[in-house]
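Step one of this worksheet: look at the structure below.
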Amino acid sequence: MEKKLVVAIDGPAGAGKSTAAQLAAKKLGYTYIDTGAMYRAVAWLTLQQGKPVSDALILSVLPGIDVDLCYSDGKTTVSVNGTDITKEIRTPEVSKIVSQVARLGPVREKMVELQRKMAARGGVLMDGRDIATAVLPNADVKIFLTASIEERAKRRWKEMQEKGYAMSLEALQKDIAARDKADMEREISPLRQAEDAILLDTTGLSIDEVVDRILALCA
Ligand code: DC
C-alpha cells in the first residue's frame, strides 16, 4: 500500500490554501484539516459572549470549548460544543478579531494539541500558518503557498460577494494586510516559510493549476 503522507501547507490569508488543499485532499483520499477554522471557532465563541473583546474574555471561553472538524465528501464542517458554525466563522466580525485570538499562548497550545492528534494517523493535508514550522515539523511535504496582496484581496472579495457581504476591495485589502502583519509579527509561532518548505506562488494560477502542483509535490 502507498504510504499515507502528512502534508503541511502554510501561507498568508487569501492565498487559496483552503480551496486548493480541500480539493487536493479529496483527490488523494486524505483528510483535510483547516486549522484557521479552529482559531475562528474560538473567536466566534468569544463574540457570542456579547462583551467587549479582551484577552481575558478569549481565555475565559477556552476551558469549555470543544472544537470539532469533520471532513467528508470534500467539505469541512466546523462545530463548537455540538453546534454547526461552519458559516458563522467566515464573517468579517470573526476575521477582525481572529489574529488577537491566535496570538495567545494558551489558545495555541490547546489547538496545536488537537491538530497533532488529528494528524497522527497520516493521510492528512493540514493548512495554517505554523504547520510546517511548529505543529508538524516532521511533515513529509511542506508547502508555502502565497500570492500577491492584490490578488489575495481580489479572491477574498469575490468570496465575500458570493456570500452576500458588501465590503470594498480597498477595505478588504487593508484588513488582509493588517492580519498578515499581526500573524507575521506575533511572538508565538509567527507566520513564516519553513526552511525546508517549497514556495508555491499562486499569482495568476487557476485553482486547478494550484491543485495540480500540490498533487505533483505529493507524488
Ligand atoms: O486561514 P484563516 O484566514 O482562516 O485563519 C484565521 C486566523 O487564524 C489567521 O489570521 C491566523 C490564525 N491562524 C494561526 O495563527 N495559525 C494557524 N495554524 C492557522 C490560522
Side-chain angles (χ1 to χ4, degrees), residues 6-22 25 32-47 53 55 58 62 65 67 69 71 75-78 80 85-119 124-137 139 142-147 149 152-153 155-160 163 165 167 172-194 197 202:
V6 171
V7 185
I9 304 184
D10 293 300
K17 295 189 300 293
S18 53
T19 313
Q22 205 145 220
Y32 165 64
I33 302 165
D34 178 355
T35 63
M38 299 169 76
Y39 293 97
R40 286 174 178 273
V42 180
W44 175 82
L45 191 59
T46 304
L47 290 174
V53 175
D55 289 356
I58 299 165
L62 203 57
I65 195 169
V67 181
L69 288 189
Y71 178 74
K75 284 220 160 73
T76 302
T77 312
V78 188
V80 159
I85 54 156
T86 310
K87 283 211 177 81
E88 287 80 351
I89 60 167
R90 303 286 162 199
T91 59
E93 291 76 22
V94 168
S95 297
K96 248 205 161 77
I97 69 153
V98 69
S99 286
Q100 183 182 352
V101 169
R103 72 172 170 68
L104 298 176
V107 174
R108 301 205 71 82
E109 276 164 33
K110 185 159 180 165
M111 296 305 127
V112 169
E113 193 189 328
L114 273 171
Q115 290 156 13
R116 287 189 179 138
K117 272 192 194 142
M118 292 184 207
V124 296
L125 218 146
M126 187 179 283
D127 85 11
R129 303 291 188 285
D130 61 337
I131 309 306
T133 53
V135 182
L136 306 171
K142 296 181 176 183
I143 302 171
F144 193 82
L145 208 78
T146 190
I149 177 92
R152 291 189 286 122
R155 287 180 190 162
R156 272 285 152 95
W157 182 78
K158 253 178 100 182
E159 245 175 65
M160 297 306 260
K163 286 181 189 157
Y165 293 110
M167 249 183 125
L172 204 66
Q173 186 164 325
K174 257 188 157 169
D175 266 19
I176 290 180
R179 208 138 62 82
D180 285 351
K181 187 169 158 30
D183 294 339
M184 287 189 289
E185 291 180 358
R186 71 171 176 233
E187 222 165 284
I188 313 168
S189 306
L191 166 67
R192 63 175 178 81
Q193 182 179 345
T202 69

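Positions are given from 1 along the sequence. All ligand and atom numbering here is 1-based and tracks the order in the structure.
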Against heavy atoms of Ser99, which atoms of ligand 1 measure under 4.0 Å? 10 (O)

Quick check: closest heavy atoms across Arg152 and Gly14, and the distance to 0.1 Å? CG-O, 3.3 Å

Atom 19 (C) of ligand 1 sits nearest the protein heavy atom Thr35 OG1, 3.3 Å

Around atom 12 (C) of ligand 1, find the nearest protein heavy atom and jot down its residue, atom name and distance. Ala102 CB, 3.7 Å

Whether Ala13 lies under 4.0 Å from ligand 1, heavy atom: no

For atom 18 (N) of ligand 1, what's the nearest protein heavy-atom neighbour? Residue, atom name and distance, please. Asp130 OD1, 2.8 Å

side-chain contact (heavy atoms from CB on, under 4.5 Å), that's the test. Do Met118 and Val124 meet it? Break it down for me. CA-CA 8 Å; Met118 292 184 207; Val124 296; 5.9 Å; no

Taking only non-hydrogen atoms of Met126, do any sit less than 4.0 angstrom from ligand 1? no

Min over Thr133, Asp183, Val135 of heavy-atom distance to atom 11 (C) of ligand 1 lands on Asp183

Among protein heavy atoms, which lies nearest atom 20 (C) of ligand 1, and at what distance? Gly36 CA, 3.5 Å

For atom 8 (O) of ligand 1, what is the nearest protein heavy atom, given as residue, atom name and distance? Tyr39 CB, 3.7 Å

Output yes when Lys117 and Glu113 qualify as a salt bridge under the 4.0 Å nitrogen-oxygen rule, no when they do not. yes

So, are Arg129 and Asp180 salt-bridged, with charged N and O less than 4.0 Å apart? no

Among all protein heavy atoms, pick the one closest to atom 6 (C) of ligand 1 and tell me residue, atom and distance. Arg179 NH1, 3.6 Å

Out of all atoms in ligand 1, which are within 4.0 Å of some heavy atom of Val98? Include the element for each. 6 (C), 7 (C), 8 (O), 10 (O)

Against Asp130, only a single residue in Arg108, Arg186, Lys142 fulfils salt bridge (charged side-chain N to carboxylate O under 4.0 Å, His left out); can you say which? Arg108

Go through the steps for Ser95 and Arg156 under the test side chain to side chain donor-acceptor pair (under 3.5 Å), then give the verdict. CA-CA 12 Å; Ser95 297; Arg156 272 285 152 95; 5.8 Å; no

Heavy-atom nearest option to atom 9 (C) of ligand 1, drawn from Arg129, Met38, Arg108: Arg129

Is there a heavy atom of Arg186 sitting under 4.0 angstrom from any atom of ligand 1? yes

